[in-house]
Amino acid sequence: MSWSSFYHTASRVFHEYPSWSKSVVVCTIISGGGLAAYSDTRSAYSDNGDQFPKKKVVVLGTGWAGTSFVKSMKNSSYDIHVVSPRNYFAFTPLLPSVTCGTVEARSIVEPIRNISRKSGLDVQFSEAECYKIDPKNNKVYCRASHDKKLGGTEEFSLDYDYLVIAMGARSNTFNTPGVEEHAYFLKEVEDAQRIRHKVINLFERASLPCVPVEEKKRLLSFVIVGGGPTGVEFAAELYDFVHEDLSKLYPSLKDHVKITLLEAGYHILNMFDKRITEFAEEKFKRDGIDVKLGSMVVKVGEKEISSKERGSGEVATLPHGMVVWSTGIGARPEVVDFMKQLGQINRRALVTDEWLRVEGCDNIYALGDCATINQRKVMEDIAVIFSKADKENTGMLDLKEFQNVVGDIIERYPQVDIYLKSQMKDMASLLSKSQESPTTVVDIEYFKQALSKVDSQMKNLPATAQVAAQQGTYLADCFNRMELCERYPEGPLRFRGTGRHRFRAFRYKHFGQFAPLGGEQTAAQLPGDWVSIGHSSQWLWYSVYASKQVSWRTKALVIADWGRRFLFGRDSSQI
């Protein structure tokens with residue numbers, strides 16, 4: 001921004017808010033330059049000195065989305081109340097490392113009160129679970145998550161002006177018989193700890209002299225269902241744990257261990273580049289991890305798991321000592337109940353608009369795994385877009401007229417930008433191509449033809465920590481600038497209305513993804529089609545994951561755990 005434009009913007013704001021000029025303090029320090037600071041008195045007081053009531057913001061959840069929102073809030077004109085059954089934030093990408101003792105559970109969690117205290121705002125926290133949302137009366141109903149231990153029922157309700165739903169999701173069982181009773185999940189810290197205890201228990205039981213060989217093989221048969229990043233990383237961690245640590249402690253059991261990975265699709269890590277997928281499958285084959293592709297689990301028993309081959313339809317049965325289920329996510333019961341209230345039936349998650357606002361609710365937002373953005377299609381608004389661009393109402397649109405609104409179109413419909421980058425260079429090419437002539441004057445029919453394939457570029461965002469964290473930061477930024485953007489909207493044109501939207505729509509920026517494959521080797525896929533596989537990528541993984549820890553305490557603990565593992569190996573004690 002140039003100094004002239006900054007001056008004009010600042011001047012306009014100060015004329016609009018005369019009370020701000022009273023609160024400007026300029027401190028000039030000769031040796032160090034100047035420092036200008038101002039206090040937004042309007043956030044708490046009116047022009048005549050009356051105090052404004054603070055808006056109440058209730059945040060449900062302390063996962064990536066909820067924690068990022070709380071961390072990024074800077075505006076003191078809100079009363080923020082966080083409700084979650086967990087009083088901590090967990091760095092979930094390291095959960096597979098916790099299952100085998102590579103990293104300790106305490107090292108990847110940070111108390112939510114520590115995080116909120118560092119934000120500088122007065123944030124209240126209640127360790128409870130929300131069991132009902134009442135959008136008509138702006139209330140949420142909660143019950144204490146520790147009532148079972150206390151032997152009582154402690155329930156309460158909270159009023160809100162704004163509600164932020166960031167409750168995450170649960171593991172999706174696809175109604176497969178026996179999964180809830182006999183399988184282990186890997187979504188929470190407690191899940192990782194249960195898996196760790198189970199693995200050690202199985203080795204201890206198999207080492208007993210009274211256990212026959214066939215039973216030893218069954219006990220040490222580990223089946224992982226799901227070939228996504230979590231399932232693959234757990235399989236790799238378990239393989240390293242067995243062959244680097246447990247084989248030294250239980251030498252007679254090494255040959256009885258079998259790790260099987262079941263994937264219903266035809267490749268593991270199918271969201272990664274083909275080069276990574278092929279390398280991972282080949283590495284697992286070399287390591288002796290049995291990868292069964294096209295195998296859909298139909299039943300999980302106490303000692304056996306049954307799967308159907310997609311090609312032949314044959315049902316195969318495998319004995320197991322433990323099954324780890326990692327096949328995707330589904331909505332939580334509380335969210336499903338809320339979706340029914342809104343009429344969002346048969347949807348996998350809460351539907352929001354591009355500003356993360358729940359459809360049908362003006363003051364409720366949903367982020368992270370519990371929500372999905374319903375990106376509006378260009379073809380639904382094609383007539384109003386053309387009308388907005390055709391200011392002279394000639395029924396024809398030239399390149400200059402279109403360029404006046406192209407920025408708003410790309411901002412409102414990101415699939416247009418994706419289409420342009422993948423198919424052609426600029427908007428002039430788009431219009432010329434539609435008419436197959438050098439002229440760039442088109443009518444609405446040619447305009448429709450030019451944009452007819454744009455909506456094919458629409459894709460749902462993945463349910464990852466990276467997406468949730470960016471959504472939390474984005475929404476907090478909107479809340480921080482709510483009053484200013486009410487006066488000076490910065491979003492795209494309202495094609496179905498007048499004026500502009502208050503904020504720019506949420507845009508996800510992908511920074512890459514990792515897939516640890518064991519043996520100190522990691523696959524990395526970064527923007528720009530940059531793929532790296534091997535030991536160098538493992539050190540990049542260490543650097544990124546250490547830097548992304550939420551506090552200096554967890555950074556130090558995680559790095560110390562990695563160092564301890566290098567020096568002394570993983571701990572197999574039962575505590």
Side-chain angles (χ1 to χ4, degrees), residues 58-72 82-86 88-96 108-109 112 129-131 133 140 163-174 179 185-192 226 228-231 233-234 270-271 325-340 342 344 346-359 361 364-375 459-476 506-511 513-514 548 550:
V58 174
V59 182
L60 303 179
T62 53
W64 282 93
T67 301
S68 296
F69 175 81
V70 172
K71 279 183 62 179
S72 303
V82 181
V83 178
S84 173
R86 302 182 311 181
Y88 59 85
F89 164 78
F91 191 85
T92 51
L94 284 179
L95 284 180
I108 67 168
V109 300
I112 194 66
E129 56 185 3
C130 171
Y131 65 89
I133 299 171
V140 292
L163 177 63
V164 179
I165 304 174
M167 302 171 71
R170 60 176 180 83
S171 297
N172 195 347
T173 66
F174 300 98
V179 174
F185 302 106
L186 190 49
K187 282 286 294 177
E188 308 287 350
V189 173
E190 295 83 0
D191 296 334
T230 302
E233 186 173 349
F234 172 69
N270 55 17
M271 70 291 298
W325 190 271
S326 178
T327 60
I329 58 175
R332 295 185 181 275
E334 305 85 3
V335 175
V336 172
D337 179 67
F338 181 51
M339 291 165 63
K340 290 179 179 177
L342 301 179
Q344 296 185 10
N346 299 324
R347 302 300 295 261
R348 70 170 185 86
L350 271 170
V351 179
T352 73
D353 61 17
E354 298 90 330
W355 291 269
L356 309 183
R357 189 171 45 212
V358 175
E359 289 190 348
C361 303
I364 302 179
Y365 300 82
L367 1 163
D369 293 353
C370 69
T372 182
I373 296 175
N374 184 21
Q375 176 60 53
K459 294 181 180 179
N460 289 329
L461 295 178
T464 62
Q466 196 173 161
V467 172
Q470 290 185 30
Q471 288 179 336
T473 302
Y474 161 83
L475 188 60
F506 171 74
R507 291 293 174 263
Y508 169 61
K509 186 175 182 180
H510 186 61
F511 292 106
Q513 52 191 349
F514 292 97
K548 292 297 181 181
V550 74

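This one's a predicted model, so the numbers in the text were calculated from it and none came from an experiment. Any value given below was found using the heavy atoms of this structure, including those in side chains, with hydrogens, waters and symmetry copies removed. Residues take their numbers from the sequence shown, with the count starting at 1.
With sequence neighbours excluded, the residues forming a salt bridge (Lys or Arg N to Asp or Glu O under 4.0 Å) with K187 are D369, listed by chain and number. Applying the side chain to side chain contact (heavy atoms under 4.5 Å, CB included) criterion to V164, with sequence neighbours excluded, gives V57, V59, F69, L367, L475. Evaluation of the side chain to side chain donor-acceptor pair (under 3.5 Å) rule for S171 yields no partner, not counting sequence neighbours. Under the rule for a side chain to side chain donor-acceptor pair (under 3.5 Å), the partners of R86 that lie at least two apart in sequence or sit in another chain are E188. Residues satisfying the side chain to side chain donor-acceptor pair (under 3.5 Å) test with N374, not counting sequence neighbours, are E359. Applying the ring-ring contact (aromatic ring centres under 6.0 Å, His included) rule to F89 yields the partners W64; only residues at least two apart in sequence or on another chain are considered. Not counting sequence neighbours, the partners of R357 by the salt bridge (Lys or Arg N to Asp or Glu O under 4.0 Å) test are D353. The ring-ring contact (aromatic ring centres under 6.0 Å, His included) test applied to Y365 returns F479, not counting sequence neighbours. For A166, the side chain to side chain contact (heavy atoms under 4.5 Å, CB included) partners two or more places apart in sequence, or in a different chain, are A65. In this structure, the side chain to side chain donor-acceptor pair (under 3.5 Å) partners of E354, at least two apart in sequence or on a different chain, are Q375, R412. Under the ring-ring contact (aromatic ring centres under 6.0 Å, His included) criterion, Y131 pairs with no residue, sequence neighbours left out.
The shortest distance between side-chain heavy atoms of I165 and L350 falls below 4.5 Å. Using a 4.5 Å cut-off on side-chain heavy atoms (C-beta onward), L60 and L163 make contact. Residues P462 and V467 are in side-chain contact: their nearest non-hydrogen atoms beyond the backbone lie under 4.5 Å apart. No side-chain heavy atom of V58 sits less than 4.5 Å from a side-chain heavy atom of V82. Using a 4.5 Å heavy-atom threshold, the side chains of L95 and D191 count as separate.
Remark: I373 CD1 to N460 CG distance equals 9.0 Å, nearest 0.5 Å. How far SG of C370 is from CZ of R348: 10.5 Å, rounded to the nearest 0.5 Å.
Judged purely by atom type and a 3.5 angstrom limit, Q470 uses its side chain to pair as donor or acceptor with the backbone of K509. When atom types are taken as modelled, the side chain of T327 and the backbone of N172 share a donor-acceptor pair closer than 3.5 angstrom. Q466 places no side-chain N or O within donor-acceptor distance of the main-chain N or O of H510, the cut-off being under 3.5 Å. In this structure a side-chain-to-backbone donor-acceptor pair under 3.5 Å is present from T62 to Y88.
Shown here is R347, whose CZ atom has no more than 12 heavy atoms of other residues, nucleotides or ligands within 6.0 Å.
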Using the rule given for side chain to side chain contact (heavy atoms under 4.5 Å, CB included), can you reason through L186 versus F234, listing the C-alpha separation, both sets of side-chain angles and the distance that settles it, and then say yes or no? CA-CA 9 Å; L186 190 49; F234 172 69; 4.2 Å; yes
Just list the side-chain donor-acceptor pairs under 3.5 Å for residues 330-340, sequence neighbours left out, or say none.
| unit_1 | atom_1 | unit_2 | atom_2 | d |
| --- | --- | --- | --- | --- |
| R332 | NE | M167 | O | 2.8 |
| R332 | NH2 | A169 | O | 3.2 |

